[in-house]
Amino acid sequence: MMRIFRCVMASATLLASQIPLARAAEQTDLLLVLAMDVSRSMDRAKFLLQRQGYAGAISNPQVLNAIESGPHQKIALCFIDWSGPFEQKVVIDWTIIDGPAAASRFGGLVADAPRSFYNSTSIGAAINFATARLARAPFEAERHAIDVSGDGTNNAGPDVQSSRDQAVAKGILVNGLVILTDIDLAPNPRHTIPPGGIEKYYRDNVIGGAGSFVMVAEDYNSFGRAMVKKLIAEIATRPEQHRLVPKVAATKAVSQGRRTAK
């Protein structure tokens, strides 16, 4: 019996010596989930403008400069589509962005990705899904953030404030990018034009964490410019600066009477 035990232990020791130690997770400056609204309010033209805006912003030279300014000179991105309560999809899983080549590849995948859904607007479920993706990221970073883009209120699924608060309790920063369009073109004003406007709705209900902010695209054509400014703000901010980042808008909102949230 003792001989068998010794043989087993010897075999286990030999096997263990042949297995390399698990590598520590690669360090990055930021883990960021880009969560794109593909609900019913996004017609084909608006969907494509969002896709192109994200793709162009990721490889923008100013964004790449912001990445290079970090201690690790790299960030990790995960891109998701979201719509209704059970409609969230990983379009591009966690990817290191450490220079123009990686950014260009990621942007190309974003631009070419087909639409995943076309349903209601569950911001709360999107935040929950993004929070789970951050927990499973194969990389590490001091800062974790969720970047939610959209043009309407939460109208299905879990309570958005509760989802936001749960994410913030885990140390996640939740930022927003809202899209404004002509009030005359709003098909569902109660959804896309809440009291005070969609920017106020996002400030009150969606964003959270020290230094969280909402940026505004006055229309879908300015989405790409707003996305560039938003990425720079998220990437360049250091952990110790979180409490110093003001809530800002990428473009100046004009009067609610003529142009407001779609």
Side-chain angles (χ1 to χ4, degrees), residues 32-55 57 78-92 109-133 146-164 166-167 174-208 214-224 226-227 230 250 259-262:
L32 175 61
V33 177
L34 301 173
M36 177 175 154
D37 181 359
V38 293
S39 60
R40 277 191 296 265
S41 58
M42 305 293 178
D43 62 23
R44 177 168 173 76
K46 296 166 185 174
F47 166 80
L48 291 175
L49 282 169
Q50 277 198 98
R51 280 283 202 259
Q52 293 162 4
Y54 272 112
C78 178
F79 193 96
I80 68 172
D81 278 354
W82 62 272
S83 182
F86 305 102
E87 296 174 322
Q88 305 87 36
K89 179 181 178 181
V90 175
V91 177
I92 307 170
L109 292 173
V110 170
D112 294 339
R115 183 174 191 146
S116 304
F117 309 107
Y118 190 84
N119 209 331
S120 56
T121 305
S122 184
I123 305 173
I127 292 174
N128 291 344
F129 186 82
T131 299
R133 296 311 303 174
I146 300 170
D147 184 346
V148 181
S149 70
D151 69 346
T153 61
N154 191 78
N155 63 11
D159 177 72
V160 63
Q161 290 184 345
S162 176
S163 297
R164 183 268 318 273
Q166 290 175 32
V174 183
N175 293 324
L177 173 55
V178 295
I179 307 163
L180 310 182
T181 61
D182 233 323
I183 189 172
D184 297 334
L185 302 178
N188 185 358
R190 287 185 300 176
H191 171 53
T192 55
I193 311 175
I198 193 64
E199 179 185 359
K200 182 179 185 301
Y201 178 85
Y202 262 61
R203 288 187 185 280
D204 295 343
N205 299 279
V206 179
I207 69 168
V214 177
M215 285 194 174
V216 180
E218 288 188 5
D219 54 37
Y220 285 84
N221 290 310
S222 65
F223 181 89
M227 194 68 227
K230 189 171 191 300
R259 186 175 294 275
T260 186
K262 176 189 170 304

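Only heavy atoms go into these numbers, but all of them, side chains included; no hydrogens, no water, no symmetry mates.
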Begin with the C-alpha distance, continue with both residues' side-chain angles, and end with the deciding distance and a verdict on side chain to side chain contact (heavy atoms under 4.5 Å, CB included) for Trp82 and Val148.
CA-CA 10 Å; Trp82 62 272; Val148 181; 4.0 Å; yes

In Å and rounded to the nearest 0.5 Å, what is the [atom1] to [atom2] distance from [X] to [Y]?
X      : Y      : atom1 : atom2 : value
Asn155 : Ile123 : CG    : CD1   : 8.0 Å
Gln88  : Asp81  : CD    : CG    : 10.5 Å
Leu177 : Ile179 : CG    : CD1   : 6.0 Å
Leu34  : Cys78  : CG    : SG    : 8.0 Å
Thr153 : Tyr201 : OG1   : OH    : 5.0 Å
Gln52  : Phe47  : CD    : CZ    : 9.5 Å

Considering all heavy atoms, the nearest [X]-[Y] contact:
X      : Y      : answer
Ala113 : Val91  : CB-CG1, 3.4 Å
Gly152 : Thr121 : O-CG2, 4.3 Å
Tyr54  : Asp147 : OH-O, 4.3 Å
Asp151 : Ser41  : OD1-OG, 2.8 Å
Ser120 : Pro85  : OG-CD, 3.7 Å
Gly176 : Ile207 : N-CG2, 3.5 Å

Mind checking side chain to side chain contact (heavy atoms under 4.5 Å, CB included) for Tyr118 and listing every partner two or more places apart, or none if nothing turns up?
Arg40, Arg115

Determine, step by step, whether Ile198 and Leu180 satisfy the side chain to side chain contact (heavy atoms under 4.5 Å, CB included) criterion, reporting the C-alpha distance in whole Å, the side-chain angles of both residues, the deciding distance to 0.1 Å, and the verdict.
CA-CA 8 Å; Ile198 193 64; Leu180 310 182; 3.5 Å; yes

Report yes if some heavy atom in the side chain of [X] is under 4.5 Å from a heavy atom in the side chain of [Y]; otherwise report no.
X      : Y      : answer
Met42  : Leu49  : no
Asn154 : Ser122 : yes
Val206 : Val160 : yes

Counterpart residues, side-chain hydrogen bond (donor to acceptor under 3.5 Å, both in side chains), relative to Arg164 (two or more places apart):
none

Decide yes or no on side chain to side chain contact (heavy atoms under 4.5 Å, CB included) for Lys230 and Asn175, but give the supporting numbers first.
CA-CA 9 Å; Lys230 189 171 191 300; Asn175 293 324; 3.2 Å; yes

Looking only at side-chain N and O atoms, does Asn128 offer a donor or acceptor that is under 3.5 Å from a partner on Ser163?
yes

Indicate whether any N or O donor in one side chain lies under 3.5 Å from an N or O acceptor in the other, for Ser149 and Gln50.
yes

Taking it one step at a time, do Gln161 and Ile127 satisfy side chain to side chain contact (heavy atoms under 4.5 Å, CB included)?
CA-CA 10 Å; Gln161 290 184 345; Ile127 292 174; over 6 Å; no

